Amino acid sequence: MAATMSNVDEIRNRVILGEFDIKNVHTTDYPGNYPGYDDTWNLQKFQKNFRIDVVQMDETSLEFDMVGIDAAIANAFRRILLAEVPTMAVEKVLIYNNTSIIQDEILAHRLGLIPIKADPRLFEYRNAGDEEGTEIDTIQLQLKIKCTRNPRATKDSADPRELYLNHMVYSKDMKWAPIGNQADVFADANIGPVHGDILLAQLRPGQELDIVMHCVKGIGQDHAKFSPVATASYRLLPEITLMETVEGEKADIVLYTCSREVLRHDDLKNAVKLARVRDHFIFSVESTGILAPDVLVTEAIKVLMTKCQRFLNELDSTEME
């Protein structure tokens, strides 16, 4: 009986990495699935087991452990981070003059993918039918630049950086043009591109750009330019168990981070057991710089809470009918 219970514990709590397959990938801890196990969901039990441990955090990246949840919930956080936490991005590009070699459509696409430093929580969603934006739903940026020859360049110079002025157009050339009372309301917000060194176009003397951009609030589900993260991923905590003593040169081969390469060695495949802890997720979140990564995780939790509340409201309204 003890061996059986141990086997059930392994099925419930570990994903086993075999030489040619992966076992126990599906969640099986449902009420009544295993005799002797009380798998009914309990809030007190969840609060006792659930925890979040921050491993590393800086201005753009965050790594943390989320322990005590099912893969479905962990994946919900990941998908919300990618597609449902809103940001501000260039939506409408008004090109008054473009004599560069880059086509209008390509240039507009490049501008749309520039991360805009603006807190989306301070803005409203813009109505689809509105032609003109307002101070509560639109940020206006301008890009006006012209390339000229450098009169101070030496005659025998061949370096474009010396021959021309404004021949490299960067994201730092996108300037904020406040609408309405935005200059007062967002005086300290420093609205503009997150990174100023993103190359947009190259010009030659006589070529110029005169563009106005409207940034609106949106989510990555509608377009990738609204996604607030460069990457948001997770992996299960690796667990490596030595089944027998391994010494000498063989010990170096065992020191893999859950790579199944070790299982290809006939003299080692039975000496090591590779597994992953089913409810221990190592999250990695890399922000595009619009919002801090810890703020993004907090906003993702709020989005999930809103979804849950909406579902409960639907249940209540259905029961009343």
Side-chain angles (χ1 to χ4, degrees), residues 59-60 84-100 102 104-148 165-201 203 207-230 287-296 298-299 302:
E59 292 181 355
T60 58
E84 296 187 62
V85 175
T87 65
M88 304 293 289
V90 174
E91 175 71 9
K92 183 178 289 188
V93 179
L94 307 174
I95 301 178
Y96 295 103
N97 195 4
N98 174 22
T99 53
S100 71
I102 301 180
D104 292 354
E105 295 83 359
I106 303 300
L107 184 57
H109 182 263
R110 292 174 69 88
L111 293 171
L113 293 175
I114 303 297
I116 304 300
K117 185 72 171 179
D119 193 336
R121 296 169 294 182
L122 304 178
F123 294 88
E124 302 293 334
Y125 286 100
R126 183 165 164 177
N127 294 326
D130 290 351
E131 289 294 328
E132 298 294 330
T134 65
E135 63 267 18
I136 65 171
D137 59 27
T138 303
I139 295 173
Q140 183 171 280
L141 300 175
Q142 288 183 335
L143 175 60
K144 192 169 186 177
I145 191 169
K146 184 175 182 178
C147 179
T148 58
L165 299 176
N166 296 327
H167 75 291
M168 304 283 277
V169 183
Y170 291 99
S171 52
K172 64 183 178 182
D173 298 313
M174 300 165 60
K175 306 300 183 182
W176 176 41
I179 302 173
N181 63 351
Q182 288 182 344
D184 298 326
V185 176
F186 306 113
D188 301 325
N190 195 24
I191 293 176
V194 173
H195 307 286
D197 58 350
I198 302 174
L199 182 63
L200 299 178
L203 305 179
Q207 296 180 349
E208 63 179 301
L209 297 174
D210 187 0
I211 299 171
V212 173
M213 293 150 279
H214 289 177
C215 305
V216 301
K217 187 175 179 177
I219 58 176
Q221 185 174 313
D222 295 330
H223 196 288
K225 66 185 177 185
F226 292 111
S227 182
V229 293
S287 170
T288 58
I290 298 174
L291 292 174
D294 57 325
V295 175
L296 293 178
T298 303
E299 290 301 305
K302 291 179 181 178

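None of the values given here were measured: they were computed from a predicted structure.
K92 NZ: more than 12 foreign heavy atoms inside a 6.0 Å radius.
Here the closest non-hydrogen pair linking T60 and P293 is C-CG, 3.8 Å. Heavy atoms only, all atoms of each residue included: P120 and P86 are closest at CG-O, 3.2 Å. When all heavy atoms are compared, the tightest approach of S227 to T288 is O-CG2, 4.1 Å. Across I116 and M88, no two heavy atoms sit closer than the pair CB-O, 3.7 Å. Heavy atoms only, all atoms of each residue included: G220 and F226 are closest at N-CB, 3.7 Å. Annotation for I179 and T138: closest pair CD1-O, 4.0 Å, computed over non-hydrogen atoms.
Note on residues 217-226: pairs passing side-chain hydrogen bond (donor to acceptor under 3.5 Å, both in side chains), not counting sequence neighbours, are E91-K225. Within the structure, the side-chain hydrogen bond (donor to acceptor under 3.5 Å, both in side chains) test picks out no pair touching residues 168-181 (sequence neighbours left out).
Remark: the backbone N or O of C215 is not paired with any side-chain donor or acceptor of R126 at under 3.5 angstrom.
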Stepwise, does the side chain to side chain contact (heavy atoms under 4.5 Å, CB included) test hold for K146 with D210? CA-CA 9 Å; K146 184 175 182 178; D210 187 0; over 6 Å; no

Take L143 and M213 through the side chain to side chain contact (heavy atoms under 4.5 Å, CB included) test and state the conclusion after the steps. CA-CA 8 Å; L143 175 60; M213 293 150 279; 3.8 Å; yes

How far apart are the C-alpha atoms of V169 and L203, what are their side-chain angles, what is the distance that settles it, and do they pass the side chain to side chain contact (heavy atoms under 4.5 Å, CB included) test? CA-CA 7 Å; V169 183; L203 305 179; 3.7 Å; yes

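No side-chain heavy atom of I211 sits under 4.5 Å from any side-chain heavy atom of N98. Put simply, the side chain of I198 reaches to within 4.5 Å of the side chain of P115, judged on heavy atoms. The shortest side-chain heavy-atom distance between P228 and I290 does not fall under the 4.5 Å cut-off. Considering only heavy atoms from C-beta on, I139 stays 4.5 Å or farther from F186 through its side chain. For the pair I191/Q182, no side-chain contact is recorded, criterion being any heavy-atom separation below 4.5 Å from C-beta on.
Put simply, CD1 on I219 and OG1 on T87 are 10.0 Å apart, with the number rounded to the nearest 0.5 Å. Atom CG of residue D197 and atom CE of residue M168 lie 11.0 Å apart, to the nearest 0.5 angstrom. Atom-to-atom distance recorded for T148:OG1 and N166:CG is 6.0 Å, nearest 0.5 angstrom. Note that the CD atom of E132 and the CD atom of Q140 stand 8.5 Å from one another [nearest 0.5 Å]. Once rounded to the nearest 0.5 Å, the distance linking OG of S100 with NE2 of H167 reads 14.0 Å.
The side chain to side chain donor-acceptor pair (under 3.5 Å) search around T134 returns D137, not counting sequence neighbours.
Each of N97, L200, L107 was checked for a side-chain contact (heavy atoms from CB on, under 4.5 Å) with L209, and the lone residue meeting it is L107.
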